[in-house]
*Asks:* 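Just passing along the structure, written as structure tokens.
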Amino acid sequence: MTSSIFDRAQTSARFIRDRINSDVDVAVVLGSGLGAFAETLEDKAIVPYEEIPDFARSTVEGHSGRLVVGTLPETSISVAVMQGRFHYYEGYSLDEVTLPIRAFGAMGVKKLALTNAAGGVNHSFKAGDLMLISDHINLMMLSPLRGQHDNRLGERFPDMSEVYSREYRRIAKEVAAEQGVRLTEGIYMSLQGPNYETPAEIRMMRLLGADAVGMSTVPEAIVARQMGMKTLGISLITNAAAGIEDAPINHSEVMEMGHRVSNQFCELLTKIIVRM
Ligand code: HPA
């Protein structure tokens, strides 16, 4: 019999802790093209995912597949950064997709920053904009909490009325204003992917209240909520969603936008984390 999710998270957490030899204050998950943030850390320890017990492998271009732990420059804040995440569309179960979040929880991490690349559904968004996630709509239609319940993971029916911390959103807006960075706010809608959406689907999503669309983040945020972690969510709008502009969408363009805004994104995220 395979071990329980709780046991797998404990095993991964123990392994990571032994390798990094320090506590972690904040965990960060980096989306497509946003991997550069990990390079800004000091005194880094690097743990490839393939070495961590039960971790899946990153199969997507633009996701390095390693955990980078270090301190934020000029602070003593210890940050564990996932340079690449696991997605449902890669064929992983949501247990596998969210194991890293469970492992961070088992390590005692209470603060989480989830980032992603997303398509802009809201007509006022431009490629290159950063969007604070105020809430999500789970159009993946799957919950990572489905299955036999284990009280050690959290509640059976966790509340989802504040998945993305109000306090972290306030901090993010303050920092963006100070930095003169345009930071919009909106609803992230998740789909299974991996195909991009049709124009008709995007029109539907807009009617349903979506501002941005992507293929990640929501399962991680739900698990984090169940574990009582406080979560910040930031989307980089890499492209106008399907049908808004008369142009096809491709993964290279998504990653290219990540590289273009990288410096601004790293600076903003660093300053937000300092105040989390
Ligand atoms: N749709 C879904 N996911 C995405 C997109 C998109 O347009 N851009 C980046 N990730």
Side-chain angles (χ1 to χ4, degrees), residues 28-37 58-65 82-92 94 97-98 113-142 144 164 182-222 232-262 264-265 268-269:
V28 178
V29 181
L30 296 175
S32 294
L34 298 174
F37 176 77
S58 273
T59 68
V60 189
E61 200 190 327
H63 288 258
S64 302
M82 287 192 69
Q83 217 176 18
R85 57 152 59 85
F86 311 125
H87 306 82
Y88 186 69
Y89 66 72
E90 292 174 271
Y92 296 126
L94 289 187
V97 167
T98 57
L114 298 174
T115 71
N116 60 47
V121 175
N122 185 318
H123 281 300
S124 74
F125 289 178
K126 299 188 300 284
D129 279 350
L130 293 168
M131 184 193 89
L132 198 52
I133 304 177
S134 58
D135 202 351
H136 70 228
I137 299 175
N138 183 5
L139 218 70
M140 266 180 189
M141 298 291 193
L142 298 161
Y164 305 90
R182 177 176 147 99
L183 180 67
T184 64
E185 189 171 11
I187 309 292
Y188 177 85
M189 185 173 266
S190 62
L191 285 105
Q192 295 184 12
N195 53 284
Y196 293 113
E197 303 72 31
T198 65
E201 286 166 344
I202 294 299
R203 283 193 296 275
M204 177 198 75
M205 288 173 203
R206 195 175 302 115
L207 285 173
L208 293 180
D211 296 295
V213 60
M215 308 170 192
S216 68
T217 305
V218 167
E220 297 155 4
I222 291 173
L232 168 79
I234 297 180
S235 293
L236 165 62
I237 306 299
T238 54
N239 56 281
I244 296 179
E245 286 167 8
D246 191 16
I249 299 160
N250 64 70
H251 187 59
S252 323
E253 157 191 58
V254 167
M255 287 196 306
E256 165 61 24
M257 188 49 80
H259 299 139
R260 262 173 48 193
V261 304
S262 187
Q264 192 186 58
F265 169 81
L268 185 75
L269 186 57

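Order of appearance sets the numbers: ligands from 1, and atoms from 1 within every ligand. The chain is numbered in sequence order, starting from 1.
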*Asks:* Write down the atom of Pro219, the atom of Pro144, and the distance for their closest heavy-atom approach.
*Replies:* O-CG, 3.5 Å
*Asks:* Is there a nitrogen or oxygen of Glu197 sitting under 3.5 Å from a nitrogen or oxygen of ligand 1?
*Replies:* yes
*Asks:* So, Ser64 side chain and Gly84 main chain: donor-acceptor pair closer than 3.5 Å or not?
*Replies:* no
*Asks:* List the closest protein heavy-atom neighbour of atom 5 (C) of ligand 1: residue, atom name, distance to the nearest 0.1 Å.
*Replies:* Gly119 N, 3.4 Å
*Asks:* Under 4.0 Å from a heavy atom of Met215: give me the atoms of ligand 1 that qualify, with their elements.
*Replies:* 2 (C), 3 (N)
*Asks:* Are any non-hydrogen side-chain atoms of His136 and Ser190 less than 4.5 angstrom apart?
*Replies:* no
*Asks:* Check this for me: Arg260, atom CZ, are more than 12 non-hydrogen atoms of other residues, nucleotides or ligands nearer than 6.0 Å?
*Replies:* no
*Asks:* What do we get for Ser32 next to ligand 1 when only non-hydrogen atoms under 4.0 Å count, side chain, backbone, both or neither?
*Replies:* neither
*Asks:* Looking at Leu114, is its backbone amide N or carbonyl O close enough to the side chain of Glu220 to form a donor-acceptor pair, meaning the two atoms are under 3.5 Å apart?
*Replies:* no
*Asks:* Does ligand 1 have a heavy atom under 4.0 Å from the side chain of Asn239, from its backbone, from both, or from neither?
*Replies:* side chain
*Asks:* Checking a contact table here: which protein heavy atom is nearest atom 9 (C) of ligand 1, and how many Å away?
*Replies:* Thr238 OG1, 3.4 Å
*Asks:* Quick one: which ligand 1 atoms are inside 4.0 Å of a heavy atom on Gly214?
*Replies:* 2 (C), 3 (N)
*Asks:* Return the residue, atom name and 0.1 Å-rounded distance of the protein heavy atom closest to atom 10 (N) of ligand 1.
*Replies:* Ala117 O, 3.3 Å
*Asks:* Any side-chain donor-acceptor pair under 3.5 Å between Asp129 and Thr184?
*Replies:* no
*Asks:* Determine whether a donor-acceptor pair (N or O, by modelled atom type, separation under 3.5 Å) exists between the side chain of Asp135 and the backbone of Ile187.
*Replies:* no
*Asks:* Is ligand 1 under 4.0 Å from a heavy atom in the side chain of Val213, in the backbone, in both, or in neither?
*Replies:* both
